[in-house]
Each structure stands twice: as C-alpha cells, then as structure tokens.
Amino acid sequence: MTKTQEPLILGIETSCDETGVGIVRGQTLLADAVASSVEEHARFGGVVPEVASRAHLEAMVPTIRRACETAGVKPSDLDAIAVTSGPGLAGALLVGVAAAKGLALSLDKPLYGVNHLAAHVAVDTLEHGDIPKGCVAMLVSGGHSSLLAVEDITVGVEPMGATIDDAAGEAFDKVARVLGLPFPGGPYVDKAAKEGDRLYVRFPRGLTSTKDLERHRFDFSFSGLKTSVARWVEARRRDGEDVPVHHVAAAFQEAVCDVLTRKAIDACKDRGYEHLLIGGGVAANSRLRAMAVERCTEAGIAVRVPRPGLCTDNGAMVAALGSELVRAGVAPSPLGLPADSSMPITEVLNK
C-alpha cells in the first residue's frame with residue numbers, strides 16, 4: 001500500500017478539558033489541532049465537567065476547520081472518522097461523539113468509537129511506526145496509572161495492573177497545590193524539580209514492600225505518598241521553617257518515577273517482552289523519561305515514548321488508533337454508539 005493509498009482519518013478527542021482534532025494518513029501525522037480550556041479550570045484547582053463540556057461545544061467546529069486547513073484536506077477527502085467514546089467525563093464525551101456522528105453521517109463515512117487509553121498507546125505509531133507484537137504499555141495520566149500487555153492494539157489489551165487510589169497525575173496536581181504551584185501540577189512540579197535535590201528527603205514508595213508485591217505486584221498507589229508530602233510540608237510550616245519547594249518537588253517526583261519504572265520493567269520481564277511503551281500526560285515528565293531510558297537500557301529493554309506534545313490528550317492519538325483499525329480491516333462502530341464514561345480498557349472499539 002502506497003502512502004497515498006493509506007487511509008486518511010480524522011480523530012476527535014474530548015474526554016476531559018482538551019478539544020483535540022487530529023488528521024493522519026496511515027501512520028503519518030498531518031494535523032494536530034488542540035483547543036484547551038485548562039485556564040478556565042485553573043481557578044478551581046481542577047477540571048469542572050460542566051465548564052469542559054461548554055468549552056468543547058464552542059471549540060469543536062473551529063478546531064475541525066483548523067485541522068483540515070493545516071492538513072490541506074477537505075472533509076470529503078476523509079476515509080473515516082474516529083472519536084473517543086470513553087472513558088472520560090460523560091458530558092465532555094457526549095460533545096465529541098455527537099460531533100463525530102454528525103460529521104460521519106453528513107459525509108457518509110464510517111465511524112470508529114475508540115478507547116481513550118488504547119489511543120494513548122496507538123499514538124506512538126506516528127513517531128516510531130508499528131507497535132511491536134508483544135510489549136508492555138504503561139499509561140500514566142491524571143486519571144489513570146496502568147500497566148497493559150499489548151499483543152495487537154487493534155484486537156485488545158490485557159490489564160496487568162492499575163492504580164488502586166490516586167493516579168500519578170492526580171498526585172502531581174495535589175502535591176503542586178500543597179507546594180503553592182499552579183494547576184495543572186505536572187509541568188510545574190517537573191520544572192521546580194530541575195533545581196532541587198532528589199535525595200533531600202526520601203518519601204515512601206507505595207505498594208513496593210514484599211507483602212504488598214504479593215497482592216499488588218503490578219498495581220500502583222500514590223495516595224500515601226501524597227499524604228506523606230503534605231504532612232512533611234505542614235510540619236515544616238508549623239515549626240516556622242521555610243519549605244524548600246524545589247527539593248520537595250524533586251524528592252516527590254523521584255518517588256513517583258521510581259515506582260513507575262520499577263514496576264514497568266518488572267512487568268516486561270514477567271511477560272518476556274523486550275519493549276516498553278509509555279503514554280499519557282505524565283509521560284511528558286522529563287525525569288520519568290530519563291529514568292525509563294536509563295533503567296530499560298540496563299535491563300535490555302527498548303523503551304518507546306512519544307514526544308511530549310503527543311503524550312497529553314490530543315486528536316492525533318484518536319486518529320492514529322482509528323487508522324490502525326481501518327488498516328487492519330476492522331468493521332466500524334454503529335452510528336448509534338454511545339459515549340461510555342466507564343469504557344473498559346479491554347474494549348478498544350465501541351461496537
């Protein structure tokens with residue numbers, strides 16, 4: 001199949017606070033337009049579902065137009081429409097699904113309602129090509145921290161472990177608030193940590209004791225870590241001492257990245273896989289990327305991480321998964337597909 005014969009797919013992502021529209025041809029990214037409403041949520045210290053839904057409504061048509069203009073294509077040129085069907089915020093998902101249905105119906109194009117988490121895995125094809133037949137995918141974001149065994153992304157994935165309380169990104173947001181850093185916390189903690197001492201204080205590594213590993217070998221827990229940081233900071237302030245924000249940020253970030261990489265490499269060894277793929281918003285964290293490369297190299301495991309701009313929520317990842325499904329000859333979703341806020345990770349396509 002030549003490049004011009006590869007499917008031209010438009011993907012729509014509205015699971016949270018970013019309105020993303022991406023266009024890909026095969027595994028080549030042509031456009032990645034994003035309209036974020038993060039500034040509207042910042043004053044609340046977190047995403048407000050109603051605000052996010054309204055922002056998606058306002059941004060949808062302009063973002064689709066911008067993506068088509070960037071890619072140099074007309075809607076009628078498209079071969080299929082892909083949209084995040086779940087999981088995510090119910091109201092936000094409804095906006096994207098409704099827009100995708102309208103577009104698919106008006107253009108008489110097939111519709112693919114895809115899984116948001118699987119799309120975070122598929123986006124790596126836009127940078128590194130086909131996903132290896134047999135790899136572990138670690139997805140880390142504000143709502144998810146998961147380890148998945150992936151044989152074929154178009155067929156499904158097998159959950160190996162997940163967060164049992166706070167996800168990694170959620171912990172970054174909460175610790176940032178404790179340290180007086182802006183929302184969303186991830187980028188600001190990462191920036192502050194660059195000037196800090198990672199060994200200044202050793203915070204706990206959740207679910208890594210021998211007893212915990214027996215029951216939760218591949219699961220994550222960051223609630224205790226978040227609480228430990230908060231209590232440490234409160235104790236300093238109570239004693240009238242300054243809080244070394246950069247050092248605390250670095251020590252906290254080190255604890256998160258330590259646990260994530262250790263468990264991910266253990267999962268690869270358990271399955272006998274030689275590839276680790278990292279996706280999700282926290283995959284943009286500079287320390288996580290560096291530690292993963294360092295530790296995977298020592299373990300003889302190849303690590304694949306998309307560039308930071310493709311790690312956060314975007315339409316390109318949805319288009320990428322849609323493209324993989326079309327290329328594999330998978331039948332599309334029905335036009336009556338629902339928005340499923342609790343869509344299981346084992347379900348790559350909403351049928």
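Scope of the values below: all heavy atoms of this structure, side chains included, with no hydrogens, waters or symmetry mates. Since the structure is predicted, the reported quantities are computational estimates derived from the model, not experimental observations. In what follows, residues are counted from 1 in the order of the sequence shown.
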Enumerate donor-acceptor pairs with a distance under 3.5 Å from any side-chain N or O in residues 276-285 to protein atoms, sequence neighbours excluded.
from	atom 1	to	atom 2	distance (Å)
Asn285	OD1	Arg287	N	3.0
Asn285	OD1	Leu288	N	2.9
Asn285	ND2	Gln253	OE1	2.7

**Study point:** Nearest heavy atoms of Asp32 and Gly309, plus distance in Å
**Key:** OD2-O, 4.4 Å
Exercise for review: With the side chain counted from C-beta on, respond yes when Arg307 and Glu127 share a heavy-atom pair under 4.5 Å apart, and no when they do not.
Suggested key: yes
Check your understanding: Got more than 12 heavy atoms from elsewhere within 6.0 Å of CD, Glu274?
Key -> no
Check your understanding: Which side-chain hydrogen bond (donor to acceptor under 3.5 Å, both in side chains) pairs, counting each pair once, include a residue from residues 96-109, with sequence neighbours left out?
Key -> none
**Study point:** Heavy atoms from other residues, nucleotides or ligands near CG of Asp239 exceed 12 (cutoff 6.0 Å)
**Key:** yes
Check your understanding: Does NZ in Lys269 sit with more than 12 non-hydrogen atoms of other residues, nucleotides or ligands closer than 6.0 Å?
Key -> no
Point to revise | Heavy-atom closest pair, residues Ala249 and Ala192 | key: CB-CB, 4.0 Å
**Study point:** Spatial distance of atom CZ (Phe218) from atom CG (Leu213) [nearest 0.5 Å]
**Key:** 9.0 Å
**Study point:** Side-chain touch His144/Thr163, heavy atoms, less than 4.5 angstrom
**Key:** no
Check your understanding: What pairs with His216 under ring pair (Phe, Tyr, Trp, His ring centres under 6.0 Å), at least two apart in sequence or on another chain?
Key -> none
Point to revise | Listed partners of Arg271 passing side-chain contact (heavy atoms from CB on, under 4.5 Å), at least two apart | key: Ala149, Glu158, Met160, Tyr273
Review point. Between atom NE2 of His56 and atom OG1 of Thr19, what is the distance when rounded to the nearest 0.5 Å?
Key: 4.5 Å
Point to revise | Test item: Asp79 and Val326 side chains (from C-beta on) under 4.5 Å apart, heavy atoms | key: no
Exercise for review: Taking the side chain as every heavy atom from C-beta outward, state whether Ser146 and Pro159 have any atom pair closer than 4.5 Å.
Suggested key: no
Point to revise | Evaluation steps, side chain to side chain contact (heavy atoms under 4.5 Å, CB included), between Leu349 and Leu325 | key: CA-CA 9 Å; Leu349 177 67; Leu325 292 167; 4.1 Å; yes
Check your understanding: How far apart are the C-alpha atoms of Asp165 and Ser221, what are their side-chain angles, what is the distance that settles it, and do they pass the side-chain hydrogen bond (donor to acceptor under 3.5 Å, both in side chains) test?
Key -> CA-CA 6 Å; Asp165 44 52; Ser221 170; 2.6 Å; yes
Review point. For the side chain of Tyr112 and the backbone of Val330, is there at least one donor-acceptor N/O pair under 3.5 Å apart?
Key: yes
**Study point:** Contacts of Ala230 that satisfy side-chain contact (heavy atoms from CB on, under 4.5 Å) - sequence neighbours left out
**Key:** Val178, Glu234
**Study point:** Qualifying side-chain hydrogen bond (donor to acceptor under 3.5 Å, both in side chains) pairs with a residue from residues 308-325, counting only residues at least two apart or across chains
**Key:** Gln27-Glu324, His116-Asp313, His120-Asp313, Glu324-Arg327
Review point. How long is the span from the CD atom in Glu195 to the NE2 atom in His247, to the nearest 0.5 Å?
Key: 10.0 Å
Review point. So Lys174 and Glu170, salt bridge (charged side-chain N to carboxylate O under 4.0 Å, His left out) or not? Walk me through it.
Key: CA-CA 6 Å; Lys174 292 179 177 178; Glu170 184 179 2; 3.0 Å; yes
Check your understanding: Does Val47 share a hydrophobic cluster with Val34, counting links as ILVMFWY side-chain heavy atoms below 4.5 Å and allowing steps through other members?
Key -> no
**Study point:** With sequence neighbours excluded, residues passing salt bridge (charged side-chain N to carboxylate O under 4.0 Å, His left out) with Asp124
**Key:** Arg304
Review point. What are the two closest non-hydrogen atoms of Ala92 and Cys16, and how far apart are they?
Key: CB-O, 3.9 Å
**Study point:** Minimum side-chain heavy-atom gap Ser85-Leu93 below 4.5 Å
**Key:** no
Revision key, fill the gap. Contacts satisfying side-chain hydrogen bond (donor to acceptor under 3.5 Å, both in side chains) that involve residues 61-74 (not counting sequence neighbours) are none
Point to revise | Contact check, side chains of Arg289 and Pro308, non-hydrogen atoms, under 4.5 Å | key: yes
Exercise for review: For a side-chain contact (heavy atoms from CB on, under 4.5 Å) with Phe203, tell me which candidate from Val175, Val248, Val256 qualifies.
Suggested key: Val248
Check your understanding: Is there a path from Val201 to Leu181 through hydrophobic residues (I, L, V, M, F, W, Y) whose side chains come within less than 4.5 Å of each other?
Key -> yes
Check your understanding: Is the backbone of Thr346 close enough, under 3.5 Å, to the side chain of Asn115 for a donor and an acceptor to pair up by distance?
Key -> no
Review point. Does atom CZ of Arg236 have more than 12 heavy-atom neighbours from other groups under 6.0 Å away?
Key: yes
Point to revise | Shortest non-hydrogen contact from Gly224 toward Pro204 | key: O-CG, 4.4 Å
Exercise for review: Report yes or no: do Val140 and Leu225 belong to one cluster of Ile/Leu/Val/Met/Phe/Trp/Tyr joined by side chain heavy-atom distances under 4.5 Å?
Suggested key: yes
Review point. So do the side chains of Ser145 and Lys263 get within less than 4.5 Å of each other, counting heavy atoms only?
Key: no
Revision key, fill the gap. When rounded to the nearest 0.5 Å, the distance separating CG of Leu179 from NE2 of His246 is 10.0 Å
Exercise for review: Give, for atom CG of Leu139 and atom CG of Leu148, the distance between the pair rounded to the nearest 0.5 Å.
Suggested key: 5.0 Å
Review point. With sequence neighbours excluded, what pairs up with Phe252 under the ring pair (Phe, Tyr, Trp, His ring centres under 6.0 Å) test?
Key: Phe172
Check your understanding: Looking only at heavy atoms, what is the nearest atom pair of Ala299 and Ile265, with distance?
Key -> CB-CG2, 3.9 Å
Check your understanding: Going from CD on Glu294 to SG on Cys296, what distance comes out if it is rounded to the nearest 0.5 angstrom?
Key -> 10.5 Å
Check your understanding: Would Leu117 and Val348 show up in the same hydrophobic cluster when neighbours are defined by side-chain heavy atoms closer than 4.5 Å?
Key -> yes
Practice item. Mark yes or no for whether Asp173, through its side chain, and Gly185, through its backbone, hold a donor-acceptor pair below 3.5 Å. Key: yes
Exercise for review: List, by chain and number, the other hydrophobic cluster members for Leu335, where Ile, Leu, Val, Met, Phe, Trp and Tyr join if side-chain heavy atoms come within less than 4.5 Å, directly or indirectly.
Suggested key: Leu8, Leu10, Ile12, Val21, Ile23, Leu30, Leu57, Met60, Ile64, Val73, Leu78, Ile81, Val83, Val95, Val97, Leu103, Leu105, Leu107, Leu111, Leu337
**Study point:** Shortest non-hydrogen contact from Ser286 toward Lys194
**Key:** OG-NZ, 3.1 Å
Exercise for review: Apply side-chain hydrogen bond (donor to acceptor under 3.5 Å, both in side chains) to Asn350 and Ser333, showing your working.
Suggested key: CA-CA 6 Å; Asn350 195 328; Ser333 303; 5.8 Å; no
**Study point:** Any side-chain heavy-atom pair of Leu147 and Phe220 under 4.5 Å
**Key:** yes
Point to revise | Residue list, side-chain contact (heavy atoms from CB on, under 4.5 Å) with Val48, at least two apart or on another chain | key: His41, Phe44, Glu50, Val51
**Study point:** Partners passing salt bridge (charged side-chain N to carboxylate O under 4.0 Å, His left out) against Asp258 (at least two apart in sequence or in another chain)
**Key:** Arg205, Arg262, Arg295
Point to revise | Cluster check Leu126, Val303: I/L/V/M/F/W/Y, side chain < 4.5 angstrom | key: no
